[in-house]
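Note sheet for the following structure.
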Amino acid sequence: MALARIGTCCRSLVRESFRVAICGVSQPGWIERCVGAKRHLLSEDVIKLQNFQQRKLAVAHLASGSKGNYIELFREKLQKNELILKDELKLLLHLCQSADDMVIARDAIYRYHAENHNMMYGDFKFGPVFMRLCYELGLEELAAATITDERIKGFFTDSTSFNIAMDMLFTKGSYEDALEVLRSMRNQGVPFNKDTFTLAFGTCYKLNTPESYRICSALMEEGQTKEHLIPRHAYCFAVALALRQNDIENAQSLYSQIMSTDSRLCQNLKVVILANSGAVTDAISVLSAALLPKSPSFVRKPQFSQEVVDVLRLQSEDQPHMMKVEQVVTQLEQANQITQWTIDDMLCHTPTGKRKPIMVERKISRRTLMPLQHTLLSE
């Protein structure tokens, strides 16, 4: 009965969480664990961890005083095999703050899925919430074991859940487990999106084995055949893997399919491809074109990795163009256009995500379609 009474406020708690001011709400020890969470491949636009943490803070604030009792009551509910309602599970997931809490949440998910696997869950998706909890608490093993479990097949129906799981495994260096999540995603019939391709190719690149190279090539061919959107970042991973597997011809072919190659990563990959294919003169031309002697200070100058110029030096050693390479590299060094970032650093750098649009002041009234005489008159 106690759990039922608490459950009656679940819907209002989750709804009100969006309106509660976050400032001043304190959860000692929890926020510290959240700060500095690292995402190596997916941006905050995809992970949405900060937004999720704000919701948790708001729900915890509204449910202050009942958190411990609620989770303990939920444990008893599971032991008694009582029916689990959607809003009860939703509130439980927003109150979890420890690994022990997550064990209860996982068991609740299994029970809820067993009771409702033949029913539609509605617009709300529990999968991403559970995965963000695992991400926040560093429980990548629990995430991988849960999402690949055949007993819960059909619960994680969205690509976001699988992508978040792969991203946290990638961050922890658990590349084999990330690949297993990808296989489970395929077996469960969950469609791949652009983030999935980036994660898949990134995982294959990190494994750097003949088998992972075969998987990457097969996924690339399938994606192109089905006209899926394969982002530039994913292509760069595929190019880098081909280079690591000494398949220069395929690296050149993949690079030629990248629509826009003006990024720092693409330019560095281009120099490596040219150097390894023997086109040292063309590689020198790329470096020379990057020298901007009279550009304004606010113009971002192209940078090349020390690792990349060392490859070019090695390929030009005892060759006619050796002196020219040294001259160009010296000029780049003097212009601070040589960086210690490796290609791996550039590949595994967290993207910035979508930029927020700049607000443009309206000059025409939406109501009267007449010119606005002053900003105070705007509606």
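Numbers here are sequence positions counted from 1.
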Among Asp158, Thr198, Asp195, Asn193, which residue meets the side-chain hydrogen bond (donor to acceptor under 3.5 Å, both in side chains) test with Asn163? Asn193
Report yes or no: do [X] and [Y] form a side-chain donor-acceptor pair below 3.5 Å?
X: Thr209; Y: Ser212; result: yes
X: Asn187; Y: Arg183; result: no
X: Thr342; Y: Asp345; result: yes
X: Gln257; Y: Gln224; result: yes
X: Tyr213; Y: Asn208; result: no
X: Ser184; Y: Gln188; result: yes

Under the salt bridge (Lys or Arg N to Asp or Glu O under 4.0 Å) rule, collect the residues that match up with Asp318, sequence neighbours excluded. none
Non-neighbouring partners of Glu227 that pass salt bridge (Lys or Arg N to Asp or Glu O under 4.0 Å), sequence neighbours left out: none
Centroid separation His228 to Phe192 less than 6.0 Å: no
Would you please indicate yes or no on a ring centroid separation below 6.0 angstrom for Phe201 and Tyr235? no
Run the salt bridge (Lys or Arg N to Asp or Glu O under 4.0 Å) check on Lys56 and Glu136 step by step: do they pass? CA-CA 11 Å; Lys56 281 191 66 179; Glu136 178 187 49; 2.9 Å; yes
Might you point out which heavy atoms bring [X] and [Y] nearest each other, and give the distance in Å?
X: Gln267; Y: Thr261; result: NE2-O, 2.6 Å
X: Ala240; Y: Leu347; result: CB-CD1, 3.6 Å
X: Ala275; Y: Ala283; result: N-CB, 4.5 Å

Give me the one residue out of Leu133, Leu93, Ile47 that meets side chain to side chain contact (heavy atoms under 4.5 Å, CB included) with Phe52. Leu133
Ala108 meets the side-chain contact (heavy atoms from CB on, under 4.5 Å) criterion, sequence neighbours left out, with Phe74, Leu78, Ile84, Leu89, Leu92
